[in-house]
Amino acid sequence: MTPQLQQAIKLLALSNLEIEGFIAEEVERNPLLEASAPEDNDAPDREPVAEVRDERVAADELVSGTGSGDEPTLDVDYATESHQQDSVADGGSGMDGALSMTGASAGGAGGEDGPDLDAFADTSLSLADHLLAQAGPAIPREDAFIAAHLIDQIDEAGYLTVSLLDIANRLGVPLVRAEAVLATIQTFDPTGVGARDLSECLALQAKEADRYDPCMARLIDNLDLLARGELTRLKRMCDVDDEDMADMIRELRGYDPKPGCRYGGEPAQSVTPDLFVARTKAGWAIEINATTLPRVLVNRSYYTELSGGQQDKASKAWLSDCLASANWLVKALDQRQRTIIKVATEIVKQQEAFFLKGVAHLRPLTLRQVADAIEMHESTVSRVTSNKYVSCARGLYELKYFFTSAIQSADGGEAVSAQAVKLAIRALIDTEGAKILSDDTLVDLLNAKGFDIARRTVAKYREALGIGSSVQRRRAKALEGVR
């Protein structure tokens, strides 16, 4: 593959934000390239994306293989090459059925009405900074380096993750000195920070609340029994009655098992959609989010000015290479946008029921099905759907989300997606009430709904949803009964 073909393949796998960074690097490297905002139309001497044509093969011809040159087509399988993480391009922007697109380079009309995702970003002080600020006045100067090292070993949940003996040996200080510094840190806000396990974390909070009596200490020392729901044994060990035990458990439930999580580590990163999908009178409108894509322009006037002067052979060759590279990049970006639209259009067509009715109507779909429908290679579709997010009325989804395995229908009807089965499992468990449903019972209920599914698959999907087994849920119900 030529370097330019490799570049075109790489571009297709990048998200819009990654493309923006790539373009910035290319503009800095190539003096004939310029990037302007989508609304900047005052560029009479520059060629917009959709209008660039030169002596090279046009982008559509390059994809279809109808060009007059010897350039290879882009939509081929490069499985034997070292560019598996990249992608290839395909041309065409046709519409199919009720699906329509408003243009590959059109503005993201839905962006202004979407949620302000930046509002969810956590800009609060990190836990380490919060602890260091408290250590300043509380820790003696000669022990400051010990405190800084201990705080550095406290994870995001607020726990000390390294053996205190190892830290003391590493710093070359007596263990008793390290223990004294840690004891001071454990008095910092949030209460429970610096604990080495859950029992110590809860004990620190119980002491702060003045509830750490011998009975509570025994309960905290035997959390494994509490997790198993062995309340009779715990009452005997703690020497309390039902009312006192219920009160102690309520107290424990009020404590924070991960006190450090209330402080931000790394700020939460918002996801910017690459595509917008909206229902219109004519069908489905699918747009590239152009607000994250600057227009790439070729400055022909500057090229004419530079080429008109006296130059040596090396300078002329360099300038010609800059022009060729600029033209190729503009075409590759244009081709990338139209290829993403083409793949997204087919996905929306295949999953129209999801966009209209929700997750329960998500159909089984594979990369090969989409590739065959739009006459592209499967590896191309895989790269197109990597790191791309689509915004629709139902939320923000990664394009990969729409590819899901099939579960056969028990009555021989149409297969359903794994996501739909997971949704059914969650709905059954959410409404199980006092009668806990075993995995075998879930299989029978799902079969009655038309899902032909094995018990091991139910267990796998249940665990993927973060739902405990029937035994775990029964214990949780028992503990709720003592509130």
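Values in this document were obtained by computation on a predicted structure and should not be read as measured data.
When side chains are defined from C-beta on, Arg300 counts as touching Leu323, because their heavy atoms get closer than 4.5 Å. With a 4.5 Å cut-off on side-chain heavy atoms, Asp372 and Glu378 do not count as touching. You'll find the side chain of Leu396 stays beyond 4.5 Å of the side chain of Val390, heavy atoms only. Counting heavy atoms from C-beta on, the side chains of Gln134 and Asp189 come closer than 4.5 Å. Taking the side chain as every heavy atom from C-beta outward, Leu446 and Ile425 approach each other to under 4.5 Å. Between Phe403 and Val381 there is a side-chain heavy-atom pair separated by less than 4.5 Å. Within the 4.5 Å cutoff, the side chain of Arg29 has heavy atoms near those of the Ser325 side chain. Between Phe276 and Ile288, the closest side-chain pair of non-hydrogen atoms is not below 4.5 Å.
Annotation: the span from Cys322 atom SG to Tyr302 atom OH amounts to 10.0 Å, rounded to 0.5 Å. Put simply, CD on Glu26 and CG on Leu32 are 12.0 Å apart, with the number rounded to the nearest 0.5 Å. Atoms NZ and CD1, from Lys388 and Ile340 in turn, are 5.0 Å apart once rounded to the nearest 0.5 Å. Within the model, atoms CG of Leu329 and CD1 of Ile23 stand 6.5 Å from one another, a figure rounded to the nearest 0.5 Å. The CG atom of Asn289 sits 11.0 Å away from the OG atom of Ser15 when rounded to the nearest 0.5 Å. The CG atom of Asp274 lies 11.0 Å from the CD atom of Gln337; values are rounded to the nearest 0.5 Å.
Put simply, the side chain of Arg336 gets close to the backbone of Leu14: a donor and an acceptor are under 3.5 Å apart. Distance alone, capped at 3.5 Å, places no donor-acceptor pair between the Asp439 side chain and the Arg455 backbone. The main-chain N or O of Pro259 is found under 3.5 Å from a side-chain atom of Arg262 such that the two form a donor-acceptor pair. In terms of modelled atom types and a separation under 3.5 Å, the side chain of Glu20 and the main chain of Asn16 share no donor-acceptor contact. With hydrogens and angles ignored, the 3.5 Å screen pairs a side-chain donor or acceptor of Ser320 with a backbone N or O of Lys316. Under the 3.5 Å distance criterion, the side-chain polar atoms of Thr339 are matched with a main-chain donor or acceptor of Gln335. Between the side chain of Gln205 and the backbone N or O of Asp256, at least one donor-acceptor pair lies under 3.5 Å. Put simply, the side chain of Thr431 gets close to the backbone of Leu428: a donor and an acceptor are under 3.5 Å apart. Counting only distance, with no hydrogens or angles, the side chain of Arg394 and the backbone of Leu356 share a donor-acceptor pair below 3.5 Å. Not one N or O on the side chain of Arg196 forms a donor-acceptor pair closer than 3.5 Å with the backbone of Thr161.
Heavy atoms from other residues, nucleotides or ligands lying under 6.0 Å from NZ of Lys400 number more than 12. More than 12 heavy-atom neighbours from other residues, nucleotides or ligands sit within 6.0 angstrom of CZ on Arg170.
Considering all non-hydrogen atoms of both residues, Ser391 and Pro273 come closest at CB-CB, 3.7 Å. Contact between Ile341 and Ile286 at its shortest, heavy atoms only, is CD1-O, 3.6 Å. Between Ala332 and Leu11 the shortest heavy-atom distance is CB-CD1, 3.8 Å. Val193 approaches Phe188 most closely through the heavy-atom pair CG1-O, 4.0 Å. The two residues Leu365 and Gln351 make their nearest non-hydrogen contact at CB-NE2, 3.6 Å. Listed here is the closest heavy atom pair of Ala178 and Ile146: CA-CG2, 4.4 Å.
Under the 30°/60° scheme for interplanar angles, the aromatic rings of Phe354 and Tyr397 are found to stand perpendicular.
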Might you work through the ring-ring contact (aromatic ring centres under 6.0 Å, His included) test for Phe402 and Phe355, ending with a clear yes or no?
CA-CA 11 Å; Phe402 299 103; Phe355 290 96; 5.4 Å; yes
Give the intermediate values and the outcome of side-chain contact (heavy atoms from CB on, under 4.5 Å) for residues Tyr389 and Leu275.
CA-CA 6 Å; Tyr389 288 83; Leu275 290 156; over 6 Å; no
Worked verdict on Trp284 versus Thr345 for side-chain contact (heavy atoms from CB on, under 4.5 Å):
CA-CA 9 Å; Trp284 292 99; Thr345 299; over 6 Å; no
Any chance you could lay out the side-chain contact (heavy atoms from CB on, under 4.5 Å) test for Leu160 and Ile167, step after step, and finish with the verdict?
CA-CA 11 Å; Leu160 183 65; Ile167 293 176; 4.2 Å; yes
Passes side-chain contact (heavy atoms from CB on, under 4.5 Å), Ile154 versus Leu127? Steps please.
CA-CA 9 Å; Ile154 293 176; Leu127 176 63; 4.1 Å; yes
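Ion pairing of Asp334 with Arg338 is present here, as a side-chain N (NZ or NE/NH1/NH2) and a carboxylate O approach within less than 4.0 Å. Between Arg279 and Glu352 there is a salt bridge, since a side-chain N of the basic residue sits under 4.0 Å from a carboxylate O of the acidic one.
There is no side-chain donor-acceptor pair under 3.5 Å between Gln369 and Glu346.
Residue pairs meeting the salt bridge (Lys or Arg N to Asp or Glu O under 4.0 Å) criterion with at least one partner in residues 134-149, sequence neighbours excluded, are Asp143-Arg177.
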